[in-house]
Amino acid sequence: MQNLRVKEILNLPESGIQVKVNGWVRTKRDSKGFSFLEVNDGSCIKSIQVIVDSSVDGYAENILKITTGSSLTIKGVVKDSPGKGQKYEIHAGNVFIHGIAPQEYPLQKKHHSLEFLREIAHLRPRTNAIGSVSRLRSSLSYGVHQFFQDRGFYYVNTPIITTSDCEGAGEMFRVTTLDLREAPRTEKGDIDYAKDFFGKPASLTVSGQLEGEIYALSLGNVYTFGPTFRAENSNTPRHLAEFWMIEPEMAFYHLKEDMDLAEEFVKFLVKYVLDKNSDELDFFNARIDTTVFSRLENIANTSFERITYTEAIKILEKNNNEFEFPVSWGVDIQSEHEKYLSEKVFNKPVIVFDYPKEIKAFYMRLNDDEKTVGAMDVLVPRIGELIGGSEREERYEMLSKRIRSIGLSEEDYWWYLDLRKYGTVPHAGFGLGFERLILLVTGLQNIRDVIPFPRYPGNARF
RNA sequence: UGGUCAGUAGCUCAGUCGGCAGAGCAAGUGGCUGUUAACCACUGGGUCGGGGGUUCAAGUCCCUCCUGACCAGCCA
């Protein structure tokens, strides 16, 4: 007898074989003389209907006591189902109960709010919504590796713990083994980090980019895909304190090629899920957001708009009366403007590039106008910023001047400057927020629903 | 962190002008020979987020704290 997953049973070419299937009961319906069990094993969104006749061993004592959430192993024969909405069903010969779920089991056979499910993150992957997100997330992870591996990129594991104090991408979580109540002090009274585990202040990484550059300038094209930490007090449906970021870094790439790769990457991943995860997308399109398919088809099949920051500001200035915060050249583009550009003006992804140097990071390459840098953001409808990237400043003197001018210390960046000192080359890269991509693909509204265990201010449960 | 809105049964919610605490689903019991968010009948289930105040009387009005959602900022 074959031990099959529900997904495999539903894909069988024909009925008639004996199978063993394991799973959890979604719902049970009793009739006179038999029961219907809806069993889901997480292998796919669909459940399999199991018919248990009262002649099965232990029917009255055990089967009738099965509740929603109970875990079972069923042995039976696959038959064509006369019922609606399913190809096959299983006529049970034997049902083994691993565990009954008592009446307080919180998942009922009804709609639950996503807010409620966040309170029970240990049980929520058993639901259609979170189960589908989980399968889709796994699939997309594989797609990310496939995209880069197929193109000769090497996967680099950049450090989680870093002593680069000012990577310039936000507040950092401190990593220490010092006793916070009795931390050693220097003569001046400051905390003496020389006595800490790493001998200097250490934090969780806010980006693998700087280390990614090291490997790009050795291996050519590389990418990272790992957890990233920001200690910002952000309370929005688009931010997490711990999230997963994909950061490719390419030697001998200029900004144009960087944008080309970003566009190709997003399109590849969108096509990937359209191809591999149609069951999950069907669910999201039906239950979460009816525009999922049209949006994904649109992204997969149209060229992204590309405009300079200066052009973007011109467009926005014409419509300044529509904004809470009017724009002018030199100000940062805010989320209402991002959405206006990608949703109202172009209705597709937009890449904005060549930003004023004052509002971008120190490592971005200064353009010949000496006012803008080779930065680019990919803005998508509904989400806003999905990708942020740039061509890196590869000229030693320019970079060193820039580091000094914003008050950073060249000594802290000695190895970063060394990359420009010894055989420098033009290079570029970008960062894509993995959870934001999943928001885009699923149509879900809150980033806390697309990561298994969300971390945000005041919350690191489970 | 600031602004807005919300918190009532296990879940989703209603509760009018301040006047007996409600519904659907879930749970329990019984019924039903093919159901599929099964159906029918009955039963149990409440710190109305916490604390304080106004009032003869507060789920309802006032103050305060907590929690959540949304908008904004930080960004991916």
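Note that the coordinates shown come from a computational prediction; the quantities given were computed from them, not determined experimentally. Proteins come first, then strands; the chains are lettered A, B, ... in the order of their sequence lines, and each starts at number 1.
- The partner of B/C25 is B/G10, judged by Watson-Crick or G-U wobble contacts that both fall below 3.5 Å.
- Between B/U8 and B/A14, the two C1' atoms lie 10 Å apart (nearest whole Å).
- Nucleotides B/C40 and B/G59 place their P atoms 34 Å apart, quoted to the nearest Å.
- A/N446 has a side-chain polar atom (N or O) that falls below the 4.0 Å cut-off from OP1 or OP2 of B/C70.
- Relative to the ring axis of A/F147, A/R151 places its NZ or CZ within 45° and under 6.0 Å from the centre.
- Counting only heavy atoms from C-beta on, A/R230 has its side chain closest to B/A76 among B/A76, B/C74, B/G34.
- Remark: the separation of the P atoms in B/U60 and B/U64 is 16 Å, to the nearest Å.
- Across the P atoms, B/C5 and B/C42 are found 42 Å apart, a figure rounded to whole Å.
- Considering only the side chain of A/K32, B/C32 comes nearest among B/C32, B/C11, B/U35.
- The aromatic rings of A/F229 and A/F173 sit perpendicular to each other, their planes meeting at more than 60°, with 30° as the lower class boundary.
- The A/E38 side chain lies nearest to B/U36 when the options are B/U36, B/C32, B/G68.
- For the C1' atoms, the distance linking B/A23 with B/G3 amounts to 35 Å, nearest Å.
- In this structure, the nucleotide among B/C74, B/U35, B/G10 sitting nearest to the side chain of A/Q108 is B/G10.
- Partner assigned to B/G2 is B/C71, using Watson-Crick or G-U wobble distances below 3.5 angstrom.
- By the stacking rule of 5.5 Å between ring centres and under 30° between planes, A/F243 stacks on the base of B/A76.
- Closest to the side chain of A/H239, from the set B/C74, B/A72, B/U35, is B/C74.
- If you take atom P in B/C25 and the same atom in B/A72, they sit 39 Å apart, rounded to whole Å.
- Across all strands shown, B/G30 pairs with B/C40; the Watson-Crick or G-U wobble distances both stay below 3.5 Å.
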